[in-house]
Amino acid sequence: MSWRIDVAVQTPAHSALGDVLSYASGVRVTPGALVRVPLGRREVLGVAWAAHQEDAGPAAVELKPIGAVLDALAPLDEAWRDLVAFAARYYQRSLGEIALAALPPQLRDLSAVQLARRLKRKRSDSPPGGVSPCAVALSAEQTEALSRFEAEAGPFLLFGSTGSGKTEVYLRAVAALLAREPQAQALVMVPEINLTPQLEARFKERFGADSVVSLHSGMTNPQRLASWLAAHSGAARIVLGTRMAVFASMPALRLIVVDEEHDPSYKQQEGARYSARDLAVWRGRRESAKVILGSATPSLESWHQSRPAAGDDAGGRYVRLSMPSRIGTGALPRVRLVDMNLQPPKTVLSAALLDAIGQRIARGEQSMVFLNRRGYAPVLACADCGWKSECPHCSAYRVFHKIDRTLRCHHCGFTERVPRACPECGNLDIAPVGRGTERLEEHLGELFAAVRRPDGSAVRIARIDADSTRKQGALESQLAAVHSGEVDVLVGTQMIAKGHDFRRITLVAAINPDGALFSGDFRAPERLFSLLMQSAGRAGRDAAYVSAQGATAEMWIQTHHPQHPLFVALKRHDYPAFAQGELEDRAAAGMPPFAFQALLRADARTQEVAQAFLGAANAAADALAGSDQVTRYPAVPLAIQRVANVERAQMLLESASRAVLQRVLAGWQPLLHELRRTPEGKGVIRWLVDVDPHSI
DNA sequence: AGCACGCCGACT
DNA sequence: GTCGGCGTGCTC
């Protein structure tokens, strides 16, 4: 008796190979089993997807025999395979690409024997797990949210302001689950690696170190394999991780938490461009696991999808659980708008803001100033001939980093020492234009050089951004310095606005947030509002500290548009008002969440070649059923049109129906593969489809 | 994606 | 005369 086994292997999307490759086997291989199979001249890891019994008689084609079956490991279950299959289909990628990316990288290199040995070693330690009860009393809002969570099916949108105690709700929900069903598993996702350690600590404290494993790209390969195996075997109760964790194999999954669900990092931006938040909701429904999406500023998609009260059928499918109040007495910080139109021209820091920071210094409190631009200045320019520090490989300026006197391209990494004189005309007068965090740090240093702290010492200014935290452990040590009070004024990018609890900060300032108000990206206001709300949440987290100081926590915003509805809503901490306004605009303009989008992008040596491919692709789509219900916009260059000498162009597709858009995309895929072999496809370096794109 | 094959410039 | 550049093509 012989079998044909269909195996998902890592076939790249461009290869136009089928979703699965078929191999011969003398025995049936269980779907979901990990196998090693020959592919070309090498042997690769694959996941058995289906087994077909071959009729006796001559085989149509001679199949290569399957290699080793890694049967020390339980096969990936059907629910997991369904999730992978759905993600592959929805995001227009191959099955194998998603499946293999979802497995720990080390599994690819391990032989069957090595894996068996590893598993034997693992089994020896026995994890006893005890849930330590929590002494903290719940607020009325938390109690209400939890009881509705227990009573209803969800999915739930936990709309809780910063400091309202969302994490405690997650912990209780997990605790209740494990009390009811000790062998159950919960998946908890956070947007960034930086945020895992403190959450991990809280979960381990509550549920025991052995019950919790982490899964994110900052871990070493052996660590990731160990965590993955613990999840897959069911030994781990709680898996805590970043977006990749949505694909963790968890046979007893009953609960999924997506914290800060609005965060853009849940959308993968390269390779398979999936949204871990959306997949989490899909997975929850498929596996009957309850899903909680938590945020103080939900994505407009989730907000639109949620209904405010029980039994209210208006709105969407999500149950909205609101926790508007901060725990304890800490009031939300007062928002102060500085009208920059009334300031002297070229003001960087208004006098009123400087005064407020000075008062904080005098009282021994901390301030945080953020600016979304790292480096010293975004451009270096020649006053004489107009030369600017363009990157020779990208359509962008190289940023001036004063610290090491370099010009660095933030897109391709091209770095050179700053020229002494203008490379065009030899003029020595080349000057930085605009400012980044480095220059802001320097500027603040000058402004406060003469100021003394209460004990007579000099004011201490620190900066946290991607440059200052490049080294391993640098972020942790810099955060620790802020926590221990070694810093008076902290300067940084949005990195400092997310998640970290700075208890002694009583002032947060956004220096120049206006860029996002009128940018071409329709999601920019949503991101700005969320960022400012989160930043405001950094101030005065420690209510006891703030009131003991007699201080008021404040969020300062310098803007040329103080009447902008975004700021008006922010001033009142009124996310619902902001969301309503944005949703009305989106509805009127026929944009998400009222329409569904996809991008086709092409990269080539020249813009013409890239656009010609998109043009041909557009024409090819005419023939597809449903294409009349999909608006196809003309091909345009990307905002940054050239990166590392590659020209990039894209076209947008939009439809009121997700299903129709999906159907068109699915039908398009083979046509796009064919196009590559036509004259219009020659010279295209790569093309890719981005479903539900985040930035367009 | 890998990893081959395949046809043109600077080296022992 | 070879070593090696990366252009094109294939992988059940």
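Model, not experiment: these values are computed from the prediction.
The ring pair (Phe, Tyr, Trp, His ring centres under 6.0 Å) test applied to A/Tyr91 returns no partner, not counting sequence neighbours. For A/Trp80, there are no ring pair (Phe, Tyr, Trp, His ring centres under 6.0 Å) partners at least two apart in sequence or on another chain.
C/dT11 atom C1' lies 16 Å from atom CG of A/Leu45, rounded to whole Å. With rounding to whole Å, A/Glu62 atom CD is found 17 Å from C/dT11 atom C1'. The nearest whole Å value for the distance from the CG atom in A/Leu63 to the C1' atom in C/dT11 is 14 Å. Rounded to whole Å, the distance from CZ on A/Arg108 to P on B/dG2 is 9 Å. Computed from coordinates, the A/Leu39 CG to C/dG9 C1' distance equals 14 Å when rounded to whole Å. Spacing between atom CD of A/Gln10 and atom P of C/dC12 amounts to 16 Å, rounded to whole angstrom units. A/Arg605 places its CZ atom 12 Å from the C1' atom of C/dC6, with the value rounded to the nearest Å. Atoms NE2 (A/His52) and P (C/dC12) sit 17 Å apart, rounded to a whole Å.
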Between side-chain atoms of residues 608-621 of chain A and protein atoms elsewhere (two or more places apart, or another chain), which donor-acceptor pairs fall under 3.5 Å?
residue  : atom : partner  : partner atom : Å
A/Gln611 : NE2  : A/Gln607 : OE1          : 2.8
A/Asn618 : OD1  : A/Arg632 : NH1          : 2.8

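Residues of residues 80-91 of chain A having a heavy atom closer than 4.0 Å to DNA chain C: none are found.
Distance from the side chain of A/Arg42 is smallest for B/dA1 among the nucleotides B/dC5, C/dC12, B/dA1. Among the nucleotides C/dC12, B/dA4, B/dA1, the one closest to the side chain of A/Ser22 is C/dC12.
For residues 221-231 of chain A, every residue pair satisfying the side-chain hydrogen bond (donor to acceptor under 3.5 Å, both in side chains) rule, not counting sequence neighbours, is listed here: A/Thr220-A/Gln223. Evaluation of the ring pair (Phe, Tyr, Trp, His ring centres under 6.0 Å) test over residues 643-670 of chain A, restricted to residues two or more places apart or in two chains, returns none.
Closest approach of A/Pro38 to A/Lys64, counting heavy atoms only: CG-CD, 3.8 Å.
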